[in-house]
Amino acid sequence: MNVFSAFKAVLDEEIEALVEVGTLPAGTDPARVSVEPPRDPEHGDLTTNGAMVLAKPAGLKPRDLAESLAERLKQREFVQDVDIAGPGFINLRLSDDFWRARLVEILAAGESYGESTVGGGKPVNIEYVSANPTGPLHVGHARGAVVGDVLAALLDKAGYAVTREYYINDAGGQVDVLARSAYMRYREALDEDIGEIPEGLYPGDYLVPVGAAIAARDGDKWLTADEAEWLPDFRQFSVDAMMDLIREDLGVLNISHQVFSSERALVEAGGVDAVMETLENDGLIYVGTLEPPKGKLPDDWEERPQTLFRASDFGDDTDRPLKKSDGSWTYFASDLAYHEDKYKRGFPVLIDVWGADHGGYVKRVGAGVKALTDGEARIDVKLCQMVRLLEDGEPAKMSKRSGTFVTLRDLVQAVGKDVVRFIMLTRKNDAPLDFDLVKVREQSRDNPVFYVQYAHARTHSVARMAADAFPDGDFSIVALKGADLARLTDSDELALIKQLAAWPRTVEGAAEAHEPHRLAFYLYDLAAAFHALWSKARGEPGLRFVIAEDEELTRARMALVLAVRTVVASGLAVMGVTPVDELRE
RNA sequence: GCGCCCGUAGCUCAGCUGGAUAGAGCAUCGGCCUUCUAAGCCGAAUGUCGCAGGUUCGAAUCCUGCCGGGCGCGCCA
């Protein structure tokens, strides 16, 4: 239950009632009215701006309208207290029993707590990673991979029908380079001395087994053949091999896409031609000459007419080329076809996760999607900034030979899947991220992964204490749902419950905003509150979770502890991080 | 030159789509271990939310213009 939207519904009923009695005019629209947690908990549990938002169109003073609403809200179930503050905020305080009932709800729901139906089963396509199939994934890809994957899980939890997709860029020139590079390795596998891999080809030794595999399959039949004969075959073979490699890389992060779309397949099936024809018929394609970019002119600039898409009619800064000088489609052309294809496959919401270096591309794709779907589809591009690898504050110098980069696999091997997944979400996607390989192994509050895991482990530690203190006690979740929760009376205990009850709202908010990093911040704050309560008992032994002489009180507090465990586990599950039961070695 | 992103405490960053007195970690200072794991907790101090206008009952948040940083800028993907 999202407490805030639940009470928004209550408020809407009262607004409607005021319309019926004539206090508010007919047609009053409560859409802009919000119910949220106040910034200062002293103000209550919930606050609404309703009186301020609705007063003006109704010709009322905000505080007068607030009075009318407050009178009605006071009558509602669970509302303990209502007051009006500042320019017209209505602050609600809910009964302690209402909050205690959230614990039962949490324990009953288990890890599914926080699931929501706001998505309404709406299909969402999220495309992420989509690295060129020319080699293993590196650290930069890891961020987009995690952001995309967790956003997908988040949307799923919020009730959307999510499809995880990977676009294989296998139609451009770079896969020909890949094929030629594999050919070198093929010759090498047949005992030819190839020397250094020539400039412009991929030197990585991950292509050695590819060359060897082709040699094993085909023998020396390609050695004397012209490039035109062997290239398509080598290209397909090595792209497939690279995609296997990439799938394995993603596997170490526990990421798997449901759909892999091939650019080449799209082009060969005539998908691009079809879309271009559509645009042509709509009068959105013409041959023209673009202005050279102002300021720094490219060295080889020469004016020439091009086939252009009228992107500037749809919000882009300029029109965009669709054909290369050799007559083949530009990447943009096939990307238009690809996005239209996604829309036609039934996705009104498209999310793309890209590296920030592709930022200049966002507008033109948005323009294309707008043109091709009559503005029906919504596209949101999440740009991921750089990841800086550090070692204790200094730029990391993880073993890298010249010409290679730190691979995703190296990173996961160094710190583990869970750490990579968590750390990648400790910043907004559009903020640069420092990933300190030393710090993430520290066991301190400075390391959010540890801190949150410690909270989860501590719930188990406390449970062991309880079992020791009451060898015959039943502290199972089923039993604890029946605990006498009225024994939870400390203000910090109740504050912690309220924080737990904010989880469904956090899920919905993060999902709607497409901001998975909010989960990491929520969990960190929740962990801090739990640790604080635990520590408070150090000074006040009566607050300890386990009270040896009072089993019923212990049971009530264990219900709270298990609820904390449940919500932390629920959050980590969305993040794809495995919770630990114990940290001590 | 143009576009996009960013500018919040000494440092690193949040700020829940416009709400009340702007928050957290690190660092600094002061407390707290015969312990439910001090791998931590509590408290103090810290601000021209880059600058200037505007919209609004209300702006770190939206609009405009500057300043500063990053990324990108026709036939790479």
Side-chain angles (χ1 to χ4, degrees), chain A residues 4 32 34 36-40 43 47 49 52-53 55-56 61-62 85-89 91 130-132 134 169 171-175 263 289-296 298 300-304 306-308 316-328 330-332 334-335 355-363 383 385-386 426-428 430-432 434 442-448 450-451 454 457-458 461-462 464-466 468-469 502 505-506 508-510 512-513 515 517-518 521-522 524-525 528 531-539 541 544-547 582-584:
Chain A
F4 301 91
R32 267 181 26 87
S34 65
E36 349 179 334
R39 182 154 53 197
D40 185 348
H43 292 144
T47 186
N49 61 357
M52 291 178 289
V53 170
K56 197 172 188 183
K61 288 185 189 151
F89 291 104
N91 295 327
S130 298
N132 291 337
T134 55
N169 299 128
Q174 84 286 353
V175 286
E263 180 186 6
T289 308
L290 286 177
E291 295 276 309
K294 300 260 189 322
K296 209 170 112 195
D300 56 345
W301 176 269
E302 77 185 81
E303 211 166 77
R304 73 164 60 91
Q306 298 178 92
T307 303
L308 299 169
D316 201 358
D317 311 302
T318 179
D319 295 337
R320 302 292 181 178
L322 296 168
K323 268 190 185 174
K324 303 182 196 173
S325 50
D326 67 1
S328 64
T330 60
Y331 178 76
F332 177 54
S334 54
D335 217 17
D357 53 340
H358 290 63
Y361 206 76
V362 173
K363 274 194 182 183
L383 296 178
Q385 277 289 355
M386 302 285 292
T426 53
R427 290 285 177 271
K428 283 182 297 203
D430 53 6
D434 286 348
E442 274 174 16
Q443 300 198 323
S444 75
R445 183 166 184 168
D446 201 19
N447 174 5
F450 160 77
Y451 196 63
Y454 185 24
R458 180 165 264 172
S461 162
V462 173
R464 288 190 288 270
M465 300 288 172
D468 281 351
R505 180 175 191 268
T506 302
E508 290 180 3
E512 298 285 286
E515 290 188 353
H517 72 277
R518 290 191 199 179
F521 285 91
Y522 170 85
Y524 183 81
D525 289 343
H531 291 312
L533 182 56
W534 189 93
S535 301
K536 191 178 173 189
R538 182 171 295 281
R544 292 182 174 194
F545 296 127
V546 178
I547 302 292
E582 198 171 11
L583 285 163
R584 187 176 353 217

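Order of the sequence lines fixes the chain letters, A, B, ..., with proteins taken first and strands second; residue numbering starts at 1 for each chain. Predicted model only: the values in this text are computed from it and were never measured.
- Spacing between B:A20 and B:C11 at atom P, rounded to whole Å, works out to 25 Å.
- Contact annotation for A:P321: backbone-only contact, meaning every heavy-atom pair under 4.0 Å involves sugar-phosphate atoms and none involves a base.
- Across the protein-nucleic acid pair, A:Y451 atom OH and B:G25 atom P stand 8 Å apart, rounded to whole Å.
- Rounded to whole Å, the distance from CD on A:Q306 to P on B:C76 is 10 Å.
- In plain terms, the two heavy atoms of A:P87 and A:P62 that are nearest each other are O-CB, 3.5 Å.
- Remark: A:R320 fails to qualify as a cation-pi partner of A:F332 under the 6.0 Å distance and 45° angle criteria applied to the six-membered ring.
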Spell out protein contact along nucleotides 7-17 of chain B as letters: B when the base is contacted, S when just the sugar-phosphate is, - when no protein heavy atom is under 4.0 Å; keep the 5' to 3' order.
-----SSSSBB

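- At a cut-off of 3.5 Å, with distance as the only test, no side-chain donor of A:T134 or A:Q174 sits close to an acceptor on the other residue.
- The CZ-P distance, from A:F545 to B:U37, rounds to 11 Å in whole Å.
- B:G74 atom P lies 14 Å from atom CZ of A:F332, rounded to whole Å.
- Residue A:E302 is classed as a base contact, given a heavy-atom separation below 4.0 Å to a base.
- Panel note: side chain A:N169, backbone A:N132; no donor-acceptor pair is recorded below 3.5 Å.
- To the nearest 0.5 Å, atoms CG (A:L583) and CZ (A:R458) are separated by 10.0 Å.
- The C1' atoms of B:G47 and B:G40 are separated by 29 Å, rounded to the nearest whole Å.
- Here OG1 of A:T506 is found 9.5 Å from CG of A:D525. Values are rounded to the nearest 0.5 Å.
- In the set B:G19, B:G74, B:A20, B:G19 carries the atom at the smallest distance from any side-chain atom of A:V53.
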Dot-bracket pairing map - RNA chain B, Watson-Crick plus G-U, both contacts under 3.5 Å, | cross-strand
(((((((..((((.....[...)))).(((((.......))))).....(((((..]....))))))))))))....

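- Among the heavy atoms of the strands lying under 4.0 Å from A:S535 are primed sugar atoms or P, OP1, OP2 only; no base atom is included.
- Nucleic acid contact class of A:V462 (heavy atoms, under 4.0 Å, all strands): base.
- As rounded to the nearest Å, B:C66 and B:G30 have C1' atoms that lie 45 Å from one another.
- Nucleotides of RNA chain B nearest to A:R32 and A:D357 differ in position, and the one nearer the 5' end is that of A:R32.
- In this structure, A:M465 places its CE atom 12 Å from P of B:U35, rounding to the nearest Å.
- Here A:H43 counts as stacked on B:A20: its ring centre is under 5.5 angstrom from the base ring centre and the planes meet at under 30°.
- Here the side chain of A:L290 is nearest to one of B:C41, B:G3, B:G74, namely B:G74.
- Judged by distance alone with a 3.5 Å cut-off, a donor-acceptor contact links the side chain of A:T47 to the base of B:A20.
- A donor-acceptor contact under 3.5 Å is formed by the side chain of A:N91 with the base of B:A20.
- Annotation: B:C42 and B:A27 have their P atoms spaced 15 Å apart (nearest Å).
- Checked by atom type and distance alone, the side chain of A:S444 pairs as donor or acceptor with a backbone atom of A:D446 at under 3.5 Å.
- Residue contacts shown for A:S461 include a base, since a base heavy atom lies under 4.0 Å away.
- Distance check on atom C1': B:C76 versus B:G1 gives 23 Å, rounded to whole Å.
- Across B:G72 and B:A77, the matching C1' atoms stand 14 Å from one another, rounded to whole Å.
- One interatomic measurement links the two molecules: CG of A:D319 to C1' of B:G74, which rounds to 12 Å at whole-angstrom precision.
- Ring centers of A:Y454 and A:H531: under 6.0 Å apart, within the cut-off.
- Between A:T330 and A:Y524, the residue whose closest nucleotide on RNA chain B is further toward the 5' end is A:Y524.
- For B:C63, the base adopts the anti conformation, since its glycosidic angle falls more than 90 degrees from zero.
- An anti orientation is assigned to B:U55, its glycosidic angle lying beyond 90° of 0.
- Between B:C42 and A:K536, no contact under 4.0 Å exists linking OP1 or OP2 to a side-chain N or O.
- Using a 4.0 Å heavy-atom criterion, one finds that A:N49 contacts the bases of the nucleic acid, with or without backbone contacts as well.
- Residue contacts for A:R458: at a heavy-atom cut-off of 4.0 Å it reaches the sugar-phosphate backbone alone, with no base atom in range.
- Annotation: the span from A:Q385 atom CD to A:D357 atom CG amounts to 9.0 Å, rounded to 0.5 Å.
- The OH atom of A:Y361 sits 8 Å away from the C1' atom of B:A77 (whole-angstrom rounding).
- For the C1' atom pair drawn from B:C62 and B:G58, the interatomic distance equals 13 Å after rounding to whole Å.
- Between atom OG1 of residue A:T318 and atom CG of residue A:L290 there is a gap of 5.0 Å, rounded to the nearest 0.5 Å.
- Nucleotides B:A45 and B:U55 place their C1' atoms 37 Å apart, quoted to the nearest Å.
- Residue A:R445 places no side-chain N or O under 4.0 Å from the OP1 or OP2 atom of B:G40.
- With rounding to the nearest 0.5 Å, the separation of CG in A:L322 from CG in A:L308 is 7.0 Å.
- Among the protein residues, A:A356 comes within range of the sugar-phosphate backbone only, with heavy atoms under 4.0 Å from sugar or phosphate atoms but none that close to a base.
- To the nearest angstrom, P of B:C73 lies 14 Å from CG of A:L383.
- Counting only distance, with no hydrogens or angles, the side chain of A:E515 and the backbone of A:G509 share no donor-acceptor pair below 3.5 Å.
- Checking B:G25, B:C57, B:U37 against the side-chain heavy atoms of A:D446 singles out B:G25 as nearest.
- Between A:K324 atom NZ and A:Q306 atom CD the span is 13.0 Å, to the nearest 0.5 Å.
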